[in-house]
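Throughout, protein chains are lettered first and strands after them, A, B, ... in sequence-line order, and every chain is numbered starting at 1. All heavy atoms count here, side chains included; hydrogens, waters and symmetry mates do not.
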There are 2 protein chains.
Amino acid sequence: MARPRKPLLSRDRIVEAASALVDAEGLDAVSTRRLAAELGVSGPSLYNHFRNKDEILDAVADAVSVQVDLSMFDESDPRDWREALHDWALSYRAALAAHPHIVPVLARGPGRRPAGLRVADAVFGAMVGAGWPPAQATRIGALMRYFITGSALGSFAGGFVDDESAYDPADYPHLGQAHLLAERRWEVDEGAFEVGLRALLDGLERQYEEYGASSSPSAG
Amino acid sequence: MARPRKPLLSRDRIVEAASALVDAEGLDAVSTRRLAAELGVSGPSLYNHFRNKDEILDAVADAVSVQVDLSMFDESDPRDWREALHDWALSYRAALAAHPHIVPVLARGPGRRPAGLRVADAVFGAMVGAGWPPAQATRIGALMRYFITGSALGSFAGGFVDDESAYDPADYPHLGQAHLLAERRWEVDEGAFEVGLRALLDGLERQYEEYGASSSPSAG
DNA sequence: ACCTGAACACCGTTCAAGT
DNA sequence: ACCTGAACACCGTTCAAGT
């Protein structure tokens with residue numbers, strides 16, 4: 001075949017196929033040969049569009065970050081930083097939960113990924129705009145990412161085996177019901193995320209009030 | 001050589017070598033051949049001691065969980081659940097931070113790993129003992145794991161590139177200082193963890209007080 | 001510019017053969 | 001029981017050759 005008149009591949013087509021493969025079978029299923037086969041080309045063709053496999057996975061991760069809604073940060077009153085943070089967290093988590101296998105790549109940080117940087121920019125900007133000191137705004141961005149990526153990285157409930165005999169009462173006196181976790185997986189994980197998010201925001205609000213005694217939101 | 005009089009390998013020796021390799025060069029550096037070479041044997045020898053590579057990595061992960069201090073859960077007054085949770089979180093994070101490359105394996109949940117199950121058992125038991133309803137105790141175990149593994153999975157600050165030109169002000173108006181994050185990495189991540197942990201515990205305490213109005217700690 | 005097949009240096013795992 | 005080398009079906013990536 002050699003070079004066709006019209007390119008068979010494009011970065012977008014490769015990312016699309018890689019995303020589908022990651023979602024369907026996990027990170028380990030993505031090999032350059034397998035991915036190329038899925039696209040109807042030979043393995044080395046991919047190297048005309050990406051420098052290496054890691055760059056492909058970075059692009060897959062960034063395609064997830066694009067899905068994160070950021071509108072709450074420019075539409076709302078700066079004083080509603082708590083509500084904006086809450087809504088953003090839900091959107092972020094929903095985006096990650098739809099593509100759990102790519103979370104480890106995403107959790108490495110934005111690096112040079114444009115959508116990842118846009119997320120960081122929006123959160124930091126909104127927190128500073130709401131009156132948080134910059135150093136504290138940075139920490140908020142970090143701790144929210146810790147919590148959200150941690151919750152998306154793996155199901156808590158699904159991390160326990162389904163098998164009652166795995167929990168010997170002599171070894172684990174309090175895990176007598178742990179074998180039931182797996183089947184209530186969604187409920188447990190969702191509940192934990194909600195409780196944790198509320199606790200985080202309550203706790204941050206308390207800290208904000210302490211700052212509020214001595215400073216006020218910037219004019220913007 | 002065939003079979004030696006005294007076994008050349010043991011599960012412990014394999015786990016030790018694998019841990020060292022993971023810590024020094026990351027998960028990708030661990031291949032069965034490389035690991036075997038490090039131990040002075042041929043690749044297939046490992047299969048006399050572990051069913052497959054994943055089981056080796058599981059054992060490496062569990063060796064990290066063993067390092068997590070749980071003494072605060074049986075020594076303290078059940079009413080001091082906040083302080084116990086705080087101290088446990090610090091110990092857990094310290095153990096993970098010392099072996100960041102294995103965190104993705106650990107974050108899949110305890111599965112059948114004994115040390116992972118002991119951690120879950122201790123936290124759940126202590127929260128129930130302190131008067132939390134079991135469903136809420138489960139959520140606390142989950143949300144703490146989200147936050148702690150999320151914080152250990154990758155540095156927040158280190159996820160930003162060092163290069164000022166990566167942050168075009170037209171694209172990212174608030175990231176003008178982001179290139180400085182990498183060099184203040186430890187400080188930023190540690191600060192975010194502390195602020196987040198405090199916020200979480202403050203928020204949980206608030207929820208606890210709401211429950212406390214209508215119930216009291218179990219006799220145990 | 002963009003695709004190909006061949007090639008290189010790797011993988012995880014199985015298995016018969018050795019003691 | 002515990003190690004070996006050979007073998008199988010894979011990897012990521014480079015590169016010269018084709019149009």
If I take atom [atom1] in residue [X] and atom [atom2] in nucleotide [N], what distance separates them, rounded to the nearest angstrom?
| X | N | atom1 | atom2 | answer |
| --- | --- | --- | --- | --- |
| B:R11 | D:dA1 | CZ | P | 16 Å |
| B:L9 | D:dC3 | CG | C1' | 9 Å |
| A:L39 | C:dT4 | CG | P | 11 Å |
| A:N48 | D:dG12 | CG | P | 17 Å |
| A:R34 | D:dC10 | CZ | C1' | 13 Å |
| B:I14 | D:dC2 | CD1 | C1' | 11 Å |
| B:F50 | C:dG12 | CZ | P | 15 Å |
| B:K6 | D:dC3 | NZ | P | 12 Å |

Atom [atom1] of [X] and atom [atom2] of [Y]: how far apart are they, to the nearest 0.5 Å?
| X | Y | atom1 | atom2 | result |
| --- | --- | --- | --- | --- |
| A:D62 | A:R112 | CG | CZ | 13.5 Å |
| A:F124 | B:H174 | CZ | NE2 | 8.5 Å |
| B:L197 | B:L85 | CG | CG | 8.0 Å |
| A:D162 | A:H179 | CG | NE2 | 9.0 Å |
| A:L46 | A:R51 | CG | CZ | 15.0 Å |

Task: Test side-chain contact (heavy atoms from CB on, under 4.5 Å) applied to B:W88 and B:D69, step by step - done: CA-CA 7 Å; B:W88 168 70; B:D69 184 13; over 6 Å; no
Under 3.5 Å between N/O atoms: give me all the protein pairs with nucleotides 13-16 of chain C, atom names plus distance.
from: C:dT13; atom 1: OP2; to: B:Y47; atom 2: OH; distance (Å): 2.5
from: C:dT13; atom 1: OP2; to: B:K53; atom 2: N; distance (Å): 3.0
from: C:dT13; atom 1: O5'; to: B:Y47; atom 2: OH; distance (Å): 3.2

Open item on the list: Does a side-chain N or O of B:H49 approach OP1 or OP2 of D:dA1 to a distance below 4.0 Å, or not?
Closed with: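 No, B:H49 has no side-chain N/O under 4.0 Å of OP1/OP2 on D:dA1.
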TODO: Give a yes/no answer on whether the side chain of B:S42 brings an N or O atom under 4.0 Å of OP1 or OP2 in D:dT4.
DONE: yes
Open item on the list: Can you see whether B:D189 engages A:Y146 through a side-chain donor-acceptor pair at a distance of less than 3.5 angstrom?
Closed with: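 Yes.
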TODO: Answer yes when B:E190 and B:R93 have at least one side-chain N-carboxylate O distance shorter than 4.0 Å, and no when they do not.
DONE: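 So B:E190 pairs with B:R93 through a salt bridge.
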Open item on the list: Wobble G-U and Watson-Crick pairs count when both distances are under 3.5 Å; given that, what is the 5' to 3' dot-bracket string of DNA chain C, with | for pairing to other strands?
Closed with: ||.|||||...|||||.||
Open item on the list: Quick check on contacts: within residues 17-30 of chain A, what sits under 4.0 Å from DNA chain C by heavy-atom distance?
Closed with: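 The answer is none.
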- [ ] Please assess B:D12 against B:S10 for the test side-chain hydrogen bond (donor to acceptor under 3.5 Å, both in side chains), listing each intermediate value before the final yes or no.
- [x] CA-CA 5 Å; B:D12 281 351; B:S10 67; 5.6 Å; no
Open item on the list: Can you see whether A:Y172 has B:R118 sitting over its ring - NZ or CZ less than 6.0 Å from the centre and within 45° of the normal?
Closed with: no
- [ ] Classify the ring geometry between A:W132 and A:W81 as parallel (under 30°), tilted (30 to 60°) or perpendicular (over 60°).
- [x]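 Ring orientation of A:W132 relative to A:W81: perpendicular.
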Open item on the list: Students often get this wrong, so: under 4.0 angstrom with heavy atoms, is A:S31 touching a base, only sugar-phosphate, or nothing?
Closed with: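 The residue A:S31 makes sugar-phosphate contact but no base contact.
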